[in-house]
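Okay, structure first, notes after.
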Amino acid sequence: MTAAASIARAPVSSADPFSDGNLTDPYPLHAALRDAGPVVRLERYGVWALARHAEVHPALADWRTYSSASGVGIQDFRKEKPWRPPSIVLEVDPPLHDRTRGVMGRVLSIAAVRRLRETFEIEADKLVEGLAERGTFDAVTDLAEPYPLKVFADAIGIPVEGRENLLPFSNMVFNSFGPRNRHFHEAIADAEPVLTWIFDQCRREVLAPGSFGAQMFEAADRGEITQDEAPILVRSLLTAGLDTTVNGLANAIYAFATFPDQWRVLREDPSLAKRAFDEVIRWESPVQTFFRTTTREVEVDGTRIPEGEKVLLFLASANRDPRRWQDPDRVDLRRTTHGQVAFGNGIHVCVGQLFARLEAEAILGACLKRIESFALAGEPERRLNNTLRGFARLPVSVRRLN
Ligand code: QZP
């Protein structure tokens with residue numbers, strides 16, 4: 001079968017998933033793509049879309065067919081120079097992937113969670129206590145941003161000074177996975193000082209002893225990676241570990257302000273706190289989409305995708321696919337979230353997810369002790385990004401317990 005014939009066979013959409021309209025409210029597009037078929041050709045970009053859970057979940061697990069080595073953005077590294085030097089854990093396949101992934105996994109381990117849990121909880125309590133006292137605050141700028149920028153940046157081991165560069169940096173990287181639209185160009189408009197600062201924080205001399213960052217260099221000392229690779233893995237922590245959890249935490253507060261009955265459910269049964277975050281990120285996935293590249297011609301439920309093609313995986317759409325989830329647009333802490341793909345699936349599944357969960361549990365736990373209910377206190381303001389879904393502003397008011 002030729003490429004031309006296969007293109008004719010898949011339904012075609014002229015939609016732009018990265019338009020302001022679709023970034024503001026992606027769910028009608030997701031439904032249309034799912035309903036169009038198991039694979040849809042996005043003619044505007046010359047890429048293929050998978051939007052149903054039945055296709056997204058197994059595609060994520062099939063790294064041989066759906067490669068990351070050509071980049072997980074719309075850019076094909078074999079045809080264009082990558083916007084940034086590629087990640088040696090994200091933008092790579094086995095066997096190269098496995099050595100660096102092993103180092104990351106050992107650093108971000110359960111043992112590390114045990115070591116840091118108390119610190120993360122103390123910081124969450126301090127922050128939430130002040131906010132509960134105030135009663136009205138911005139869940140983004142007063143809570144979801146400062147918390148990871150304190151606890152996770154401390155854990156990585158970078159100095160406090162200059163941390164205001166971290167979110168602008170991840171805003172660049174997460175926009176760079178999409179097309180060269182306004183969001184990308186605005187994000188990189190003043191990139192140079194930000195990139196210089198980030199590069200500087202990846203050096204051994206600035207990283208606190210015992211920190212995640214320092215441990216990358218210790219892994220190099222043991223010969224698990226090269227000395228040149230250690231700073232690149234520190235960069236991965238700084239890129240992937242902040243803005244993702246910022247949006248996850250903001251989306252969690254938004255969920256409980258939107259579904260106040262679910263906060264009552266959680267208050268009645270705090271043991272649901274672990275599952276609560278999974279359900280929130282199923283419902284409003286911080287990482288909405290990313291790409292893979294086919295290594296061979298592949299048949300997806302009767303439709304062929306040629307070799308060497310970019311495939312856009314709609315994680316957020318799979319997470320709300322009514323073929324997979326009952327009443328998918330509702331937050332329901334009692335549902336089983338098994339199979340949700342907000343952290344991905346397969347060998348690239350989020351390596352930092354234990355820490356994302358720890359942060360969410362610490363914040364929700366601190367809120368459970370002090371907050372009876374959340375309500376929106378103004379119009380939320382979205383922050384549009386080619387990959388991330390979240391807010392620039394989220395005004396909320398809380399009713400304090402007792
Ligand atoms: C970003 C890196 C959802 C992912 C695309 C998040 C991500 C993971 C890893 C890196 C960056 O290694 O730089």
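All ligand and atom numbering here is 1-based and tracks the order in the structure. Note that these values count all heavy atoms, side chains included, but never hydrogens, waters or copies made by symmetry. Everything quoted here is computed from the prediction, not taken from an experiment.
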Taking distance alone, no hydrogens or angles, what donor-acceptor pairs closer than 3.5 Å link side-chain atoms of residues 253-262 to residues at least two apart or in another chain?
unit_1	atom_1	unit_2	atom_2	d
Thr258	OG1	Tyr254	O	2.5
Asp261	OD2	Arg330	NH2	3.4
Gln262	OE1	Leu333	N	2.8

Salt-bridged, [X] to [Y], with N to O below 4.0 Å?
X	Y	answer
Arg52	Asp35	no
Arg204	Asp221	yes
Arg134	Asp142	yes

Taking a 3.5 Å cut-off between nitrogen or oxygen atoms, can you list every pair linking ligand 1 to the protein, with distances?
unit_1	atom_1	unit_2	atom_2	d
ligand 1	12 (O)	Ser87	OG	2.6
ligand 1	12 (O)	Ser236	OG	2.5
ligand 1	13 (O)	Arg84	NH1	3.1
ligand 1	13 (O)	Arg84	NH2	3.1
ligand 1	13 (O)	Ser236	OG	3.4

When the aromatic ring centroids of His183 and Phe18 are compared, is their separation below 6.0 Å?
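They do not qualify: ring centres at least 6.0 Å apart.
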Counting the benzene-type ring for Trp, do Phe355 and Phe212 have ring centres under 6.0 Å apart?
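Phe355 vs Phe212: aromatic centres under 6.0 Å.
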